[in-house]
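For reference, the structure is listed below as structure tokens.
All values below come from the heavy atoms of this structure, side chains included, with hydrogens, waters and symmetry mates left out.
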Amino acid sequence: MPYLSHRLKGFAVSLALLSGHVYADEKQELAKFKAISNADTMLMVPMRDGVRLATDVYKPKGEGPFPTIMVKTPYNFNQIKGVSLTFANEALERGYAVVMQNERGRFYSEGEWEILGKPRTDGYDSLSWIADQPWSDGKVATWGCSSTAEWQLALAAQNHPAHKAMVPMASGAGIGRVGEYYEQGNWYKGGVHQTLFTVWLHSVQQNIRPQFPKALTQQQRQMLRKAYDLAADMPKVDWAKHLRTLPATDWLNTSGGNDGPGAALLARKPNDPDWFKGGLYHDNEPFSVPAYWFNSWFDVSQGPNLALYNHVRENGSSKRVRDGQYMMVAPTLHCAFYRTPQHTDYIAGELNVGNAYHDYWQTIFEFFDHYVKGEDNGFIKDTPRVKFYTMGRNQWEDADTWPPKDTEMTTLYLGSEGPANSIFGNGTLSFTPDEAGKDSFTYDPMNPVPSLGGGVCCNSGASLGGSFDQRGIEARADVLVYTSDVLDKPMDVTGFIRAKLFVSSDAKDTDFTVKLVDVYPDGRAYNVDDTILRARYREGFNKEVFMKSGEVYELTPTAMSTSYEFKAGHRIRVEISSSKFPQYMRNLNTGGNNVDETEGVVAHNAIYYSDKYPSQIVLPVRKGK
């Protein structure tokens, strides 16, 4: 990631990833920035416990006071470049001051780092500091993508009087529990560890680090950071290979990682009380800030993101807050909003989703101008409550609710006319239940099904995100493949997609994956979305219930989500297996902790279908589309 530091590489969660390409007119942007801003950098802002956070302030030229947009980040902002530079210029030209601040324990900020940087205290105290400055009009907005967005969610629960609006983009790792989703900041999906965080923490957790004396003057700190940006130059790791080593508890140590919260986080289970003590936002908290949510179909957390938008629309702390929620969903990967080309098509992995360009700056600042400056600029009248991109049809659409009101839940049942193992089998997907039967497969954790595509971020290329042809994966005997008849007309699937599986295993515990796929007339098979569930959590993430050999259990994984048109002549496909590695940590099938184990056992798993065991997928189909 080229912008905030020449040494910050491979992590999609940086401010830089909001852009993703080098601006040809970067020198012009920088010259404009210097011409229109008054900079006051390397301020050390005190928090309530005395820890000071490194902060840069950029004010428009002219008389204040100014409304302010705050960006808090764990990443290096020593050089303002790329999209962060463009953002600053957009804000300054519109009369906003811009405040950029490092989380505690990062770079020149003091203290010890933890994920999300204590938003309930440090975030609150920083807003108070801004509101008290003579150049501030007391109104503050927050903005950012990924880690620069996630801290905003818990801050919105604090009801700070200065916090007037927020734009969280790709903010799922700030969500702990919301409705059916217990991902705890994307650490888990369906109770299964998402390995992206090990890779991400390898670079970010740096609790043993050089620090300068507190007594330095502001001018000395400004001089020092030109020569010592404090960005760690981490050893290169082949993460696709390294994540195969066991036990998982050694991943950070054996990769040359620094000290930090990684080991403690890895040991937590989905309902550990400590998840509710940090910086994550949970759905039992208030929410008090108007927000424009920007999400993506191929992000690591689109399900919780959509669920949180609905939660705040229904449960915001006031009518103004509830009415102040807006959402956009793009067909992009994590934080790729500003990488969407204006004049050519966007390619999500291998899938061409058409020209998906949107003028995000205009939308964002019209929102800020209304809710922060109080301008009567037509934002409410002209802005749809939800704007989303339908892939396949490849167009932006508007709705008043999520999902749109014109959806109707449609059930497709799994079945087979013989074994459904692999693309060469006979698995079927139909509108009526099949005759009683089952399909069996063997899951060997030492030979897991590889991950290819989906909602992925931040894993240094260990697992690719987006949509890819799945036929190579579907050729495996440990993948059950269920395919519908050819569609005689288009089917628009928009909303939450729910699967229900009836399963058995001879292992105490194992995982089950579900993948929705679009099959082209020529046989290409592109993934739309997927989900996973660890069987021990089938009765809830607050308890573990192990399986008994020979018994049949009902599993309902957390919902998938998309807006996707399956065209006439295409077929709908569902893949079932027990692994998608290395995106998700392998289940070693022992019933143990997995993270501290080195040996696995082979599981013999089965999917059942009949009137009694109607394994199925339920699609939200838009009527008249």
Which atom of [X] lies closest to which atom of [Y], heavy atoms considered:
X	Y	result
Gly453	Asn527	C-ND2, 3.7 Å
Ser561	Phe496	CB-CD2, 4.1 Å
Ala162	Gly138	CB-O, 3.3 Å
Pro331	Met391	CB-CG, 3.8 Å

Electrostatic pair [X]-[Y], nearest N-O below 4.0 angstrom:
X	Y	value
Arg393	Asp492	yes
Glu285	Arg120	yes
Lys387	Asp398	yes
Arg498	Glu180	yes
Lys567	Glu565	yes
Asp274	Lys277	yes

Does the side chain of [X] pick up a donor-acceptor pair with the side chain of [Y] at under 3.5 Å?
X	Y	result
Trp187	Gln194	no
Thr340	His358	no
Glu397	Thr390	yes
Asp530	Gln583	no
Asp299	Ser301	no
Asp369	Asn377	no
Ser288	Ser317	no

[X] vs [Y] side-chain heavy atoms within contact, under 4.5 Å:
X	Y	answer
Ser84	Phe77	no
Glu103	Thr73	no
Trp293	Asn295	yes
Ile364	Phe294	yes
His334	Val456	no
Gln101	Val71	no
Lys515	Gln470	yes
Leu280	Trp275	yes

Is the charged tip of [X] near the ring of [Y]: under 6.0 Å from the six-membered ring centre and within 45° of its axis?
X	Y	value
Arg104	Trp113	no
Lys373	Tyr96	yes
Arg385	Tyr326	yes

Mind checking whether [X] and [Y] have ring centres under 6.0 Å apart?
X	Y	result
Tyr360	Tyr338	yes
Phe66	Trp135	no
Tyr281	Phe287	yes
Phe276	His282	yes
Phe388	Trp297	no
Phe566	Tyr564	yes

- Item | Working for side chain to side chain donor-acceptor pair (under 3.5 Å), residues Asn305 and Gln302 | CA-CA 5 Å; Asn305 288 345; Gln302 79 272 34; over 6 Å; no

Counting only pairs under 3.5 Å, give me each side-chain donor-acceptor contact of residues 152-159, with atom names and distances, residues two or more places apart or in other chains.
from   : atom 1 : to     : atom 2 : distance (Å)
Gln152 : OE1    : Thr142 : OG1    : 2.8
Gln152 : NE2    : Thr148 : O      : 3.3
Gln158 : NE2    : Ala154 : O      : 2.9

- Verdict with reasoning, Phe87 to Glu90, per side-chain contact (heavy atoms from CB on, under 4.5 Å): CA-CA 5 Å; Phe87 156 73; Glu90 294 280 348; 5.6 Å; no

- Task: Verify salt bridge (charged side-chain N to carboxylate O under 4.0 Å, His left out) between Asp283 and Arg177, making sure each step is shown before the conclusion.
- Result: CA-CA 6 Å; Asp283 60 9; Arg177 177 199 64 210; 3.0 Å; yes

- Test log, rule side-chain contact (heavy atoms from CB on, under 4.5 Å), inputs Asn271 and Tyr188: CA-CA 10 Å; Asn271 206 47; Tyr188 289 100; over 6 Å; no

- Query: Can we say the SG-SG distance for Cys335 and Cys457 is below 2.5 Å?
  - Reply: no

- Task: Please step through side-chain contact (heavy atoms from CB on, under 4.5 Å) for the pair Ile617 and Leu429, ending with a clear verdict.
- Result: CA-CA 9 Å; Ile617 188 165; Leu429 201 59; 4.3 Å; yes

Atom pair [atom1]/[atom2] of [X] and [Y] - distance to nearest 0.5 Å:
X	Y	atom1	atom2	value
Lys164	Leu127	NZ	CG	11.0 Å
Asp359	Glu366	CG	CD	8.5 Å
Arg534	Phe512	CZ	CZ	12.0 Å

- Message: Are there over 12 heavy-atom neighbours, none belonging to Asn542, within less than 6.0 Å of that residue's CG?
- Response: yes

- Going through the distances and angles, do Glu544 and Arg538 end up as a salt bridge (charged side-chain N to carboxylate O under 4.0 Å, His left out)? CA-CA 8 Å; Glu544 298 175 76; Arg538 65 190 178 277; over 6 Å; no

